[in-house]
Number of protein chains: 2
Amino acid sequence: MREGPDIARIAALVADPARCSMLLALMDGRALTATELAGLAGITKQTASSHLAKLVDGEVLRVEAQGRHRYFQLEGPHVAALLEALMVFSSDSVPPLRTGPKDFALRKARICYDHLAGEMGVELHDRMRERGWLSDDLTITEKGWTHLAAIGLTPAKLPRSNRPLCRSCLDWSQRRHHLAGLVGRMILDHILALSWARRLPASRVIAFTPDGERRFLDWLR
Amino acid sequence: MREGPDIARIAALVADPARCSMLLALMDGRALTATELAGLAGITKQTASSHLAKLVDGEVLRVEAQGRHRYFQLEGPHVAALLEALMVFSSDSVPPLRTGPKDFALRKARICYDHLAGEMGVELHDRMRERGWLSDDLTITEKGWTHLAAIGLTPAKLPRSNRPLCRSCLDWSQRRHHLAGLVGRMILDHILALSWARRLPASRVIAFTPDGERRFLDWLR
DNA sequence: GTAATGGTTCGGTTAATATCGAACCATGAG
DNA sequence: CTCATGGTTCGATATTAACCGAACCATTAC
């Protein structure tokens, strides 16, 4: 019967407002404790515990015990991708919604799990496609590797992992794809390491310095 | 309160197994009637009606009344994207799930309801738009009818039906539109009648012969 | 050792919703 | 007009699950 993949089961895990708040809080890839998450969601510890157990059981979250704390984080990039796919809906059903300065910064550049999203993320993705650094089937071309090497990113430096090198992730604010995957992560790491940008505390905003933005775009030219 | 975007509301819409079955059935972009969907989901008409109303209200589905039927289809590509994002989970938990040759054939060309889908279907659609055979509002132009006549397809041969002549349908594998509607069906019929391709038994695969594929693409040139 | 804190388990209440039977409305066929 | 069919509306029922209070377990601090 019901042979269909139980995507309903996964959806149900995200369908609760409390769980949703927690997941959104974890969008940036950090690991938070159960009580922190309970506070953010506005529920008691008991309730949060129950929710978190379900999320872990459903392989949406991963948990790591450390001392008497239990740190929760997203199971992987695909969870962030799912949340972004959901945000696409709210972003256009309620168009204006007062775009404050912080909101503006979020649209400009933010972290999505572990890679760059927002205008800058989409720009990165599109430029790489346009310049032929990235092929249609999302593999880095020879020319691409050459340019990646220019910022010190070589295949040898990639961490061993079976996670796909490149992956495209639908951007909720831009409604276009940005670059995810191992390479997406490495590029963001480099942007931060070179101080082209820095993370704003307690937010997902990636703040580029004027100089950093220029260098980044130059590199893509 | 709950200022968070109501991604939970959207997720809840997908969280029900019955609604899920219906959405998956619509993944190929076809438009199905309420009773068809009820049958596929294994529920009664009343229940389906309630579900469908919710999905339309939540802007997940779009409905179009035609005669005494109501055709439901996905509201847009972002819905398909969401469903795909959800499927990543189930496909991930089960091992690699090798993409066999049959899967490759499915992406290349398959039947979608009664018309051509997959790479070849998208190619047909795009070419017809590009060549000006098909206008923006999805009507066949004069030039279009000329070329259709070249393979023996004239307006007179169209079956009497209130079904729209042309319709664009979101392609599951290509994520782009292919040509549906009466004309889409007639073209596929002709492809099969001329033996440019044949249907593989017990599957949705449309297998083009090398010669047939060449002739088909030549016709689109 | 005792106290404090992070986290889980249990039980009972409450709210939401999926479901269907039956009646109802609307369209199309004859 | 009459009948059949697609689809919705209206209860009423039953299942689910979110929630919290209270008790409990585990780890660190003192």
Side-chain angles (χ1 to χ4, degrees), chain A residues 1-2 4 6-26 30-58 60-73, chain B residues 1-2 4 6-26 30-58 60-73 159-164:
Chain A
M1 52 218 86
R2 287 264 169 282
D6 43 18
I7 77 179
R9 196 177 54 83
I10 300 295
L13 288 174
V14 189
D16 180 82
R19 284 196 291 261
C20 235
S21 303
M22 299 198 249
L23 289 173
L24 289 176
L26 294 168
R30 279 179 310 174
L32 300 179
T33 68
T35 29
E36 283 172 322
L37 290 168
L40 286 170
I43 53 179
T44 62
K45 291 184 301 184
Q46 313 87 290
T47 309
S49 176
S50 158
H51 283 310
L52 291 169
K54 282 174 190 166
L55 289 171
V56 169
D57 183 61
V60 172
L61 290 187
R62 138 200 332 269
V63 63
E64 192 179 344
Q66 234 170 69
R68 62 177 164 182
H69 296 269
R70 298 188 70 196
Y71 286 96
F72 294 87
Q73 59 184 324
Chain B
M1 202 102 329
R2 286 264 170 278
D6 46 350
I7 77 177
R9 196 178 54 83
I10 301 294
L13 288 173
V14 189
D16 180 82
R19 284 196 291 262
C20 233
S21 302
M22 300 199 246
L23 289 174
L24 288 176
L26 293 168
R30 283 178 305 177
L32 300 179
T33 68
T35 28
E36 283 171 322
L37 289 168
L40 286 169
I43 51 180
T44 62
K45 292 184 300 187
Q46 313 85 289
T47 310
S49 175
S50 156
H51 284 310
L52 291 169
K54 283 174 190 164
L55 289 170
V56 169
D57 183 62
V60 172
L61 289 187
R62 145 199 325 272
V63 63
E64 193 179 342
Q66 238 172 64
R68 64 175 160 179
H69 296 268
R70 298 188 71 197
Y71 285 94
F72 294 88
Q73 60 185 320
R160 273 194 57 74
S161 160
N162 51 0
R163 189 173 153 202

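Every chain is numbered from 1 and lettered A, B, ... according to where its sequence line falls, protein lines coming before strand lines.
Side-chain contact between A/I43 and A/H51 is present, with at least one heavy-atom pair separated by less than 4.5 Å.
Between B/D16 atom CG and C/dA16 atom C1' there is a gap of 13 Å when expressed in whole angstrom units. Distance CZ (A/R70) to C1' (D/dT28): 17 Å, rounded to an integer number of Å. Put simply, CG on B/D57 is 13 Å from P on C/dT17, counting in whole angstrom units. Computed from coordinates, the A/L52 CG to D/dA18 P distance equals 12 Å when rounded to whole Å. Per the geometry, CG belonging to A/L32 stands 15 Å off P belonging to C/dG6, to the nearest Å. D/dT16 atom P lies 15 Å from atom CZ of A/R19, rounded to whole Å. Rounded to an integer number of Å, the gap from A/E64 CD to C/dG6 P is 19 Å. Rounded to whole angstrom, the span from the CD1 atom of A/I43 across to the C1' atom of D/dA17 amounts to 13 Å.
Between A/H51 and the phosphate of D/dC19, there is a side-chain N or O to OP1/OP2 separation shorter than 4.0 Å. OP1 and OP2 of D/dG6 both lie 4.0 Å or more from every side-chain N or O belonging to B/T33. When the side-chain nitrogen and oxygen atoms of B/K45 are compared with OP1 and OP2 of C/dC20, none of them lie within a distance under 4.0 Å. A/T35 has a side-chain polar atom (N or O) that falls below the 4.0 Å cut-off from OP1 or OP2 of C/dG7.
A/S50 comes within 4.0 angstrom of nothing in the nucleic acid, heavy atoms only.
Minimum heavy-atom separation, B/A38 to B/A48: CB-CB, 3.6 Å.
The side chain of A/T47 lies closest to D/dC20 when the candidates are C/dG21, D/dC20, C/dT8. Nearest nucleotide to the side chain of A/T44, out of C/dA18, C/dC20, D/dG21: D/dG21. Residue A/A18 places its side chain closer to D/dC19 than to any other of D/dC19, C/dT19, C/dG6. Minimum atom distance to the side chain of B/Q46 is reached by C/dC20, of the listed D/dG7, C/dC20, C/dT17.
The one candidate from B/L55, B/T33, B/L37 that meets the side chain to side chain contact (heavy atoms under 4.5 Å, CB included) condition with B/F72 is B/L37.
The closest donor-acceptor contact from the side chain of A/S50 to the backbone of A/Q46 lies at 3.5 Å or more, if one exists at all. A donor-acceptor distance shorter than 3.5 angstrom exists from the side chain of B/D16 to the backbone of B/R19, with no hydrogens or angles considered.
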